[in-house]
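Reading through the structure tokens given below for one structure.
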Amino acid sequence: MLSFAITFVRLLKAIMHSWSVPMFRANLALAVLILLSATLFYHSVEGWSWIDALYFSVTTISTVGLGDLSPHTDLGKLFTIIYIFVGVGVFVALFAQFARALLKVEDDN
């Protein structure tokens, strides 16, 4: 539990350090928007609970993909394909910024 708390504090420090970078704020807003829109989509189209829809959105976009939930409608499957291609890039960019902040590497741009 202690290691989780330390890691969580480091994550919060990375967010605070990165907050002054406009690209980080835009990327964070886009990541949240993507997660919320996917959650809303799965809730309304697939009929999943809000928690299940959010859970599937997060596991899919993080490329974990546990397989305990999957879309059953054709529309849900097509949306998921597009969601993965768009979302993975956004989340990679977001976590790259977290890594830069955690490693205290300053961006030259």
Side-chain angles (χ1 to χ4, degrees):
M1 187 68 179
L2 180 61
S3 63
F4 173 75
I6 291 170
T7 302
F8 187 72
V9 168
R10 288 188 69 206
L11 176 65
L12 291 178
K13 284 182 182 179
I15 292 171
M16 290 171 41
H17 178 73
S18 299
W19 196 254
S20 62
V21 179
M23 191 65 162
F24 170 78
R25 290 193 310 266
N27 202 5
L28 182 63
L30 187 58
V32 169
L33 181 66
I34 288 172
L35 274 176
L36 291 176
S37 62
T39 300
L40 177 64
F41 176 86
Y42 292 122
H43 175 73
S44 61
V45 171
E46 295 294 329
W48 295 342
S49 70
W50 288 108
I51 295 296
D52 283 344
L54 177 62
Y55 169 77
F56 181 77
S57 298
V58 170
T59 58
T60 299
I61 209 66
S62 66
T63 70
V64 171
L66 298 173
D68 51 347
L69 290 173
S70 63
H72 295 290
T73 64
D74 288 341
L75 183 60
K77 292 173 186 176
L78 291 172
F79 176 82
T80 301
I81 292 168
I82 295 166
Y83 173 63
I84 290 169
F85 283 125
V86 170
V88 167
V90 170
F91 275 81
V92 166
L94 181 65
F95 287 119
Q97 178 62 37
F98 283 150
R100 278 193 296 274
L102 286 170
L103 298 173
K104 301 200 186 319
V105 174
E106 295 297 324
D107 196 15
D108 292 336
N109 298 347

Same apolar cluster (I L V M F W Y, side chains within < 4.5 Å links), I34/L40
no
Stepwise side-chain contact (heavy atoms from CB on, under 4.5 Å) test for N27 and V90:
CA-CA 7 Å; N27 202 5; V90 170; 3.2 Å; yes
What is the distance from atom NE2 of H17 to atom CZ of F98, rounded to the nearest 0.5 Å?
12.5 Å
Should the ring pair F56 and Y42 be called parallel, tilted or perpendicular, given that the plane angle runs from 0 to 90° and is split at 30 and 60?
perpendicular
At their closest point, which heavy atom of P71 faces which heavy atom of G76, and how far apart are they?
CB-C, 3.7 Å
Same hydrophobic cluster for W19 and L12, using side-chain heavy-atom links shorter than 4.5 Å among ILVMFWY?
no
Filter on side-chain hydrogen bond (donor to acceptor under 3.5 Å, both in side chains), then keep only pairs touching residues 85-94, sequence neighbours left out; what's left?
none
Do T39 and W50 have side-chain heavy atoms sitting under 4.5 Å apart?
yes
Should we count CZ of R10 as having more than 12 external heavy atoms under 6.0 Å?
no
What I'd like to find out is whether the side chain of I61 reaches to under 4.5 Å of the side chain of L35, using heavy atoms alone.
yes
Between atom CZ of R25 and atom OG of S20, what is the distance when rounded to the nearest 0.5 Å?
7.5 Å
The reported gap from OG1 in T73 to CG in L78 (rounded to nearest 0.5 angstrom) is 8.5 Å
Could you note down all residue pairs passing side-chain hydrogen bond (donor to acceptor under 3.5 Å, both in side chains) where residues 59-72 supplies at least one of them, sequence neighbours left out?
Y55-D68
In this structure, would F8 and M16 fall into the same cluster of hydrophobic residues linked by side-chain contacts under 4.5 Å?
no
Anything under 30° is parallel, anything over 60° is perpendicular, the rest tilted; go ahead and classify F91 against F95.
tilted
Can you check whether W48's main-chain N or O pairs, donor with acceptor, with H43's side chain at less than 3.5 Å?
yes
Heavy atoms of V58 and Y83 approach each other most closely as N-OH, 4.4 Å
Rounded to the nearest 0.5 Å, what's the gap from CD on E46 to CG on L69? Could you check?
9.5 Å
Check for me, please, whether L103 and V9 land in the same ILVMFWY cluster - side-chain distances under 4.5 Å, paths through other members count.
no
Spacing of CD belonging to Q97 relative to CZ belonging to R100, to within rounding of 0.5 Å:
4.5 Å
What about I82 and V45, same hydrophobic cluster or not, with Ile/Leu/Val/Met/Phe/Trp/Tyr joined at side-chain heavy-atom distances under 4.5 Å?
yes
